[in-house]
Protein chains: 2
Amino acid sequence: MANIRDVAKQAGVSVTTVSRVLNDHPYVTQEKRLAVEKAMEELGYHQNINAIHLSKGETRLLGVAVPFINHSYFSTLLNGIADRALVRDYNLVFYQTNYQKGEESKALEALKRKQIDGLMILSRASDWNSVEAYQEFGPLVVCESSEHTRIPCVSVDHYEAFRYGMRYIIDKGHRHIGYCIGRRTGTNSSLREKAYCEELEYIGEPYRKSWVFNNCLTIEDGKRVVNEYVSLKEKPSALLITSDQVAAGFRMEAEKRGIRVPHDVAILGFDNHPIAEALDLTTIELPLHEVGMSLVEKVSSKNPSSAIYPFELVERGSV
Amino acid sequence: MANIRDVAKQAGVSVTTVSRVLNDHPYVTQEKRLAVEKAMEELGYHQNINAIHLSKGETRLLGVAVPFINHSYFSTLLNGIADRALVRDYNLVFYQTNYQKGEESKALEALKRKQIDGLMILSRASDWNSVEAYQEFGPLVVCESSEHTRIPCVSVDHYEAFRYGMRYIIDKGHRHIGYCIGRRTGTNSSLREKAYCEELEYIGEPYRKSWVFNNCLTIEDGKRVVNEYVSLKEKPSALLITSDQVAAGFRMEAEKRGIRVPHDVAILGFDNHPIAEALDLTTIELPLHEVGMSLVEKVSSKNPSSAIYPFELVERGSV
DNA sequence: GCTTGCTATGAAACGCGTTTCATACCCTAT
DNA sequence: ATAGGGTATGAAACGCGTTTCATAGCAAGC
């Protein structure tokens, strides 16, 4: 396969001139430009991108570390990321971590080794210190609502959103409130746990372990929660459900069993995914597409800053 | 930043020896190996991946061209792809095309310029000829059920699946059958159109343009179809809906309006997404996760071959 | 007439790891 | 004693585009 030197020889010019033509630099006469283009054509030349990367020290590649993709929360974020990456002329490299530290480190290592120009971590598995250690190798943004001072975070204020949801449900007269969460670890989850506990305290209710449902990510999980719910001796009268998917699964399964929403149990979803509208779920809208776009903006700047995006309650008929 | 030559100097060995240590090649004495490791430690050395890529002529990167990701069809495929890429030690580069030829060409160009070792096209926008022209630059697989002889295709047999669905509905006694499709162009879609027409002919029914609903991708689209459906003068008694999302939207909206499924209108979904189970939708299960894994297997082999995956009817309560 | 300052062009260095090839030592088999 | 074969090591070439620096011609400005 022909390289730039072959082209130069064929066109009777120097390698530098060919490079100038390739990069639209000035100071090339029309005559030589044409000669170079002709030579490229004849030899079927095309640039080797890896040589460019090596030489320029950048790849126009941004990394995205994400636990898995077939979940609307992440795929909506990703959509925002992809849309903005497109206009910023970046391509995306994908690190599916399944929440495994090992896989996440691979993404961090890629940053270190200059495979990517920046990294977005959509849901962090490693501890802050390991992440911070990689900051010197390139811009890095984490998508969680932490107020970490040294690592930029772009997200929705999950603490406030959850608190707001709690207040809304409390204002509706509920005292017995449970919630469903994706996983227990992670900043976002502990912030919600914190908000949950504080609001319970505020209304003078105890924390009931059996009212907190873990591992809730999918529609099926929502159905599973209904099973757990019916078998509870003492039942909550309302549930906050941190994903509309799960809330949808819950509502569908509940009504199949004759449990009426919101009459028997009120549910409040999160995300405002289309499924929430379809099932008439009251939900807290999170601007995930925007957050995704913002992640790209931040990570493609020299000095990324943090940003918090606003949420909005969408009242429908499930509370 | 230190490079391999600095390490060699510091350790008092040759560059070759350092490279041997880095790549676990034999023929390095323990003594030198330790010296090299010590030097790397002291200098904070790490390999520049772009130099490796340039030198090796491969990147361990596979490209995925996909119109958009926040749709379960693609995100399920992607999940399969990501899972298999992980075990095959590939990373993924993402080209979100929005069905624009320009974006798809970027992916093809990336293959040509050796940015990626192979390319998977999940839904093709360009014509076969342009795709074929890039085959010489690396392995390339298209995810559609075409029987193209020169380009490997991995997919479900969409023609057969649709035909099977038609027969199933016909066997249930329906004669007035419509369908919903994502987009009209594209192999998969025309195959379904073909199956549709053939089966209509088989039962001696005319093709009614108003019974074919286009641009059906999301839950909202399913709701929209209900609107169009109710305004039809002559209504189909059954619909094939090529995505469970859309079928779900249809069923929810229909029942909200007092249209009973399957009594007033029967619907048959495709994919067997969790939402289908939740809404008791009869559907044709497509093994998309497996197809995704297979795409990676094919594209990471020297000579990719085609493969067709089987579908399966899942009988529930919507037909 | 002489200095500035563009325009135009190319040689060479640079980014950096891998791989080939040559060399040298030491031990075993004949 | 000698050929053969494995172990160990390094110089140099290779993959390839970009960028710096030096050079030279030519025109405008004083």
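In the text below, chain A, chain B and the rest are named by the order of the sequence lines, each starting its count at 1. Just so it is clear, the structure is predicted and the values come from calculations on it, not from any experiment.
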- line: Shortest non-hydrogen pair, B:Asn188 vs B:Cys143, comes out as ND2-O, 4.1 Å
field: For atom NZ of A:Lys32 and atom P of C:dA8, their distance in whole Å
entry: 11 Å
query: Just how far, in rounded Å, is P of D:dG17 from CG of A:Leu43?
result: 12 Å
- prompt: Just checking B:Thr17: base, sugar-phosphate only, or nothing, at a heavy-atom cut-off of under 4.0 Å?
  reply: sugar-phosphate
- prompt: In residues 48-61 of chain B, which residues come under 4.0 Å of DNA chain C by heavy atom?
  reply: B:Asn48, B:Ala51, B:Ile52, B:Ser55
- request: Please check the phosphate of C:dG5 (OP1 and OP2 only) for any side-chain N or O of A:Tyr27 closer than 4.0 Å.
  value: no
task: State whether B:Thr29 places a side-chain N or O below 4.0 Å from either non-bridging phosphate oxygen (OP1 or OP2) of D:dT9.
output: yes
task: Figure out the CZ/P separation between B:Arg5 and D:dG10, and round it to whole Å.
output: 14 Å
- prompt: Under 4.0 Å between a side-chain N or O of B:Ser14 and OP1 or OP2 of D:dG10?
  reply: yes
task: May I ask you to establish whether B:Arg183 and B:Tyr99 are in a cation-pi arrangement, using a distance under 6.0 Å from NZ or CZ to the six-membered ring centre and at most 45° from the ring axis?
output: yes
task: Have a look at A:Val15 and say if it touches a base, only the backbone sugar-phosphate, or nothing, with a 4.0 Å heavy-atom cut-off.
output: base
query: Is the shortest distance from a Lys or Arg side-chain nitrogen in A:Glu104 or A:Lys101 to a carboxylate oxygen in the other one below 4.0 Å?
result: no
- prompt: Taking the six-membered ring for Trp, are B:His273 and B:Tyr73 ring centroids under 6.0 Å apart?
  reply: no
statement: OG (B:Ser75) and CG (B:Asn70) are apart, to the nearest 0.5 Å, by 8.0 Å
- prompt: Taking all non-hydrogen atoms of both residues, which atom of B:Leu77 and which atom of B:Leu288 are closest, and how far apart?
  reply: CD2-O, 3.4 Å
- line: Between B:Gln47 and B:Arg20, the residue closer to the 5' end of DNA chain C by nearest nucleotide is B:Gln47
query: More than 12 non-hydrogen atoms from neighbouring residues, nucleotides or ligands closer than 6.0 Å to NZ on A:Lys114, yes or no?
result: no
task: Would you classify B:Ser19 as touching base, sugar-phosphate or nothing, given that sugar-phosphate means primed atoms plus P, OP1 and OP2, and contacts are heavy atoms under 4.0 Å?
output: base
task: Using atom CD1 of A:Ile4 as one end and atom P of D:dC14 as the other, report the distance to the nearest whole Å.
output: 18 Å
Whole-Å distance separating the NE2 atom of B:His25 from the C1' atom of C:dC21: 15 Å
query: A:Lys114 NZ to C:dC16 P: how many Å, rounded?
result: 8 Å
- line: Taken to the nearest whole Å, CG/B:Asn23 to C1'/C:dT20 is 15 Å
- request: Find the distance B:His46:NE2 to C:dC16:P and express it as a whole number of Å.
  value: 10 Å
